[in-house]
Amino acid sequence: MSQPDPLRRCIVQLSRLPGVGERTAARYAYWLLRQPPAVAEELGQAILTLSASMTRCSVCCDVAAQDPCRRCADPDRDDGLICVVERPQDITAIERSGEFRGRFHVLDGAISPMEGVGPDQLTVRQLLARLSGGAREVLVATDPDVEGDATALYLARLIKPLGLRVTRLAHGIAVGTELEYADRSSVARALEHRREL
Amino acid sequence: MTSHPRGPVGGLRCLVLSRQDHGEADRIVRLLSAERGRSTAIARSARRAGARFGAALEPLSLVELGLRARAHSMDVLEHVELVEPHLRLRDDLDRLTQAAHAAEVCGGLAREEHPEPRLFGLCQTALLVLDAATAAPGLAFRLGLEAKALTFAGLLAPLDRCAICGRPAQAEDEAPWLLTAAEGAALHAACGSSGTTCSASFLIELEAARRRPLQDSLDLDLPAGPRWALAERVEAQLNRPLRARALLGDAPCPVQV
């Protein structure tokens, strides 16, 4: 059997990345061919060491280079406030706001009856185990969609009886958009969550 | 993919069955409509902030859309108007799971790019009823929905009589009956050997659930019997397990404090 063409092999592998189709993968592959060999070597090395050097934080379930991760090890963060997110990338979005100094918990997805994903496939058990450690508020920052809403409600029903405050990221009309063009769901949410001025 | 001719299609009322991220910012949506049955379309840039589709492409929403039908590739969504988001479903995981199950069953049994007014109407009714309900529905609702959907797809024989000898099931029957997932039929024990054993009264109630309007089954339970036989019939047709089934068990809260 002949070896597959290295260029073809590279395109096939690159097109496995999320959001990368075959055309984009081919563009990447041709770009790599035009670079000095060190560029491809560094890229390959970075990918190789990624899975070997990254782990799961045993506290917040985020992907991290060390366990516990640097956020969980940071003594200056508020232990009483835990922000629950669906994915590790969501932590970056919250951190970028500069408004949050609490702890995080990564659920690793959201409850989705449409996809057959139930609570036992998420890190809900680990979250519940953390709550006895002095938490006073759980901020549920799941996406404002069907799955995120269902997950938030499910968590609220589990956590509220423990005497903790459960909050949700506000949702409604996005900053910078015009009311006239907002969709019906967003306006309904904005009305529901209106606040006192 | 569509076999329809090219061109714009407007005012198409659809239920969004599911959506899947595609490429950097696109979304592929599976739809169910009376006119076109099950279909798939691509919503370009739907995941970008401020996208024109907004929240209209959420699963279980009723929408009115315009699309550009293409002969040999996926239809492209041009605009989407949200008609009914069924937002109250999100308040209750049990009702949401039942709604997801209804969409999966009706959407799964609907033919691709063929008119399916009855399956569309059934799904639309199920979502409306569940959205307005204040508690999780009883077993008769789910089994009634599955029985109706299988009937509309031509996959279920009458359940209150033996499919072979025609003998009607009677509540006082002591001999067991069989419900077969493979054939979607009820059999008198003397007429068959394969299938799940059940009582005649279960079959009579199941047939009644199939015939009565869905909303009238909301609070009803059924006598003990094979709870999953009709779901298995649907699964056999789809050639895969129903995704929502794992969450439809008797325990509504798999993770306990």
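We name chains A, B, ... by the order of the sequence lines, and we start the count at 1 in each one. As the structure is a computational prediction, the values presented were derived from the model and not from experiment.
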Heavy-atom proximity to chain A below 4.5 Å, by part of B:L87 | side chain

Heavy-atom contact with chain B under 4.5 Å, split by part of A:I111 | side chain

Over 12 foreign heavy atoms within 6.0 Å of CZ, B:R111 = yes

What part of B:V83 gets closer than 4.5 Å to chain A, counting heavy atoms only: side chain, backbone, both or neither?
-> backbone

Please report the C-alpha distance between B:E58 and A:D149 in whole Å, then the side-chain angles of each, then the deciding distance to 0.1 Å, and finally whether the side-chain contact (heavy atoms from CB on, under 4.5 Å) criterion is met.
-> CA-CA 12 Å; B:E58 287 285 290; A:D149 284 352; over 6 Å; no

Is it true that atom CD of A:Q35 has more than 12 heavy atoms of other residues, nucleotides or ligands lying nearer than 6.0 Å?
-> yes

Determine the minimum heavy-atom distance between A:V146 and B:R90, stating which atoms define it.
-> CG2-NH2, 3.5 Å

May I ask you to check whether over 12 heavy atoms, not counting those of A:R101, lie within 6.0 Å of atom CZ?
-> yes

Among B:L247, B:D94, B:L60, which one satisfies side chain to side chain contact (heavy atoms under 4.5 Å, CB included) with A:P113?
-> B:L247

Counting heavy-atom pairs under 4.5 angstrom with chain A, the leader among B:L82, B:D92, B:D91 is B:D91

What part of A:V117 gets closer than 4.5 Å to chain B, counting heavy atoms only: side chain, backbone, both or neither?
-> backbone

If you count the non-hydrogen atoms of other residues, nucleotides and ligands that lie under 6.0 Å from CZ in B:R240, is the total more than 12?
-> yes

When the 4.5 angstrom heavy-atom criterion is applied to B:E84 and chain A, the contacting part is both

Where on A:P161 is there a heavy atom nearer than 4.5 Å to chain B: the side chain, the backbone, both, or neither?
-> neither

Does a salt bridge link B:R88 with A:E192, judged by any charged N lying under 4.0 Å from a carboxylate O?
-> no

Of the listed A:R157, A:E147, A:M114, the one with the largest count of heavy-atom pairs under 4.5 Å with chain B is A:M114

